[in-house]
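In what follows, a single structure is set out as C-alpha cells and then discussed.
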Amino acid sequence: MSQDTSALHDPRGARVADRVERRWATISVLIMAVFVVVAAFAGIHQATMPQALVETISPTRLHLGGEFVETNLGSAVEPDGSVTVRAIGQQYSFTPQCMIVPTDTLITFRASSPDVIHGFLIEGTNINTMLVPGYVSTISARFDEPGDHLMPCQEFCGVGHEGMWAKVRVIDRADFLKMAETKRRLSCVE
Ligand code: CUA
C-alpha cells in the first residue's frame, strides 16, 4: 500500500516542486499584469478618442425651433421605411411620455436635454445612454416583440429624479403604419 512518498523527502524533489511553483507564480503575476495593461490602454485610449459623430444643439433654444420643437416630437416614418423617434428629457419628465414604435423595424431614437444630464434607458433592451444638454444622443434599435418597456431616468438629475420616467410601447408594424397614415408624428400619450 505504500505510495511513493520519497519525492516529498527527497531534497531534489523539493527543489523541483519549488521551481515549478515559482514558475507558476511568475506566470500568474504576468497574466495579471497583462490584464492591467489591457484595461488601462482600453480605458485611456477610448476615453481620449472623440466619438465618430458628435451633433451639437443649443440647449436653450430646443423648444423654440428646429428638430426638437414640440410638434416634431414622437415617432416619424422615414421614406426608407425606418422610424425616427424624437424625444426630450427635462426635469422631471420625458416628452413624449409614451413613445410608440413598430416591431421588426429599424428605430432611431434622437433625444436631447434642455437642462441637466438625464438617462435614457429602455428596460429589457441594451439601450442605455445619456441625454446631455448641448448634444443630440442618437441610438438605433430593433424590437422583435410587441409589449411595453419602462424607461426610468437613470442619471441623478435633481429632487424629482426618481419620478422621472417614460414608456416605450412596441406594437405590430401593420397597426403602426395604419396609425401613421393619419398622423405626422405618433405617440401613445393618452
Ligand atoms: Cu432625469 Cu434623473
Side-chain angles (χ1 to χ4, degrees), residues 39 42-78 82-171 173 176 179-180 183-190:
I44 295 166
H45 181 72
Q46 287 180 354
T48 53
M49 290 292 123
Q51 288 184 309
L53 176 73
V54 175
E55 273 183 89
T56 56
I57 192 162
S58 165
T60 56
R61 307 187 64 79
L62 270 189
H63 310 75
L64 302 179
E67 187 178 352
F68 293 95
V69 287
E70 197 165 356
T71 51
N72 202 41
L73 299 179
S75 309
V77 180
E78 302 295 343
S82 70
V83 166
T84 304
V85 182
R86 293 183 179 85
I88 283 183
Q90 61 189 323
Q91 291 167 322
Y92 296 99
S93 64
F94 290 96
T95 311
Q97 234 274 289
C98 182
M99 300 166 207
I100 193 161
V101 296
T103 52
D104 302 317
T105 305
L106 174 65
I107 314 288
T108 306
F109 290 95
R110 288 175 61 77
S112 192
S113 161
D115 43 41
V116 299
I117 294 177
H118 299 281
F120 190 95
L121 174 149
I122 304 179
E123 281 185 355
T125 71
N126 63 355
I127 295 170
N128 184 353
T129 186
M130 282 193 280
L131 308 185
V132 184
Y135 296 88
V136 179
S137 301
T138 304
I139 196 155
S140 301
R142 190 178 282 273
F143 297 87
D144 300 326
E145 301 285 333
D148 281 8
H149 299 262
L150 279 182
M151 235 186 79
C153 175
Q154 99 294 16
E155 292 289 337
F156 182 76
C157 52
V159 290
H161 161 70
E162 71 274 10
M164 180 172 175
W165 61 276
K167 200 158 66 178
V168 172
R169 177 165 296 160
V170 186
I171 65 166
R173 183 175 161 85
F176 182 90
M179 282 173 73
K183 275 180 94 181
R184 199 176 134 264
R185 296 290 179 262
L186 298 177
S187 78
C188 43
V189 177
E190 280 100 30

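One-based numbering, in listed order, for ligands and for the atoms of each.
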Apply side-chain contact (heavy atoms from CB on, under 4.5 Å) to residues N72 and R185 and explain how you reach the verdict.
CA-CA 7 Å; N72 202 41; R185 296 290 179 262; 2.7 Å; yes
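Of all the heavy atoms in C153 and G119, the pair that sits closest is SG-N, 3.3 Å.
The N, O or S atom of E155 lying closest to atom 2 (Cu) of ligand 1 is O.
Across E123, M164, K167, a single residue satisfies side-chain contact (heavy atoms from CB on, under 4.5 Å) together with P152, and that is E123.
The backbone N or O of E155 lies less than 3.5 Å from a partner atom in the side chain of H161, making a donor-acceptor pair.
An angle of 100° is found at atom 1 (Cu) of ligand 1 between C157 atom SG and H118 atom ND1, rounded to 10°.
When distances to atom 1 (Cu) of ligand 1 are checked against a cut-off of 2.8 Å, M164 contributes an N, O or S atom below that limit. The distance from atom 1 (Cu) of ligand 1 to the nearest N/O/S atom of H161 is not under 2.8 Å.
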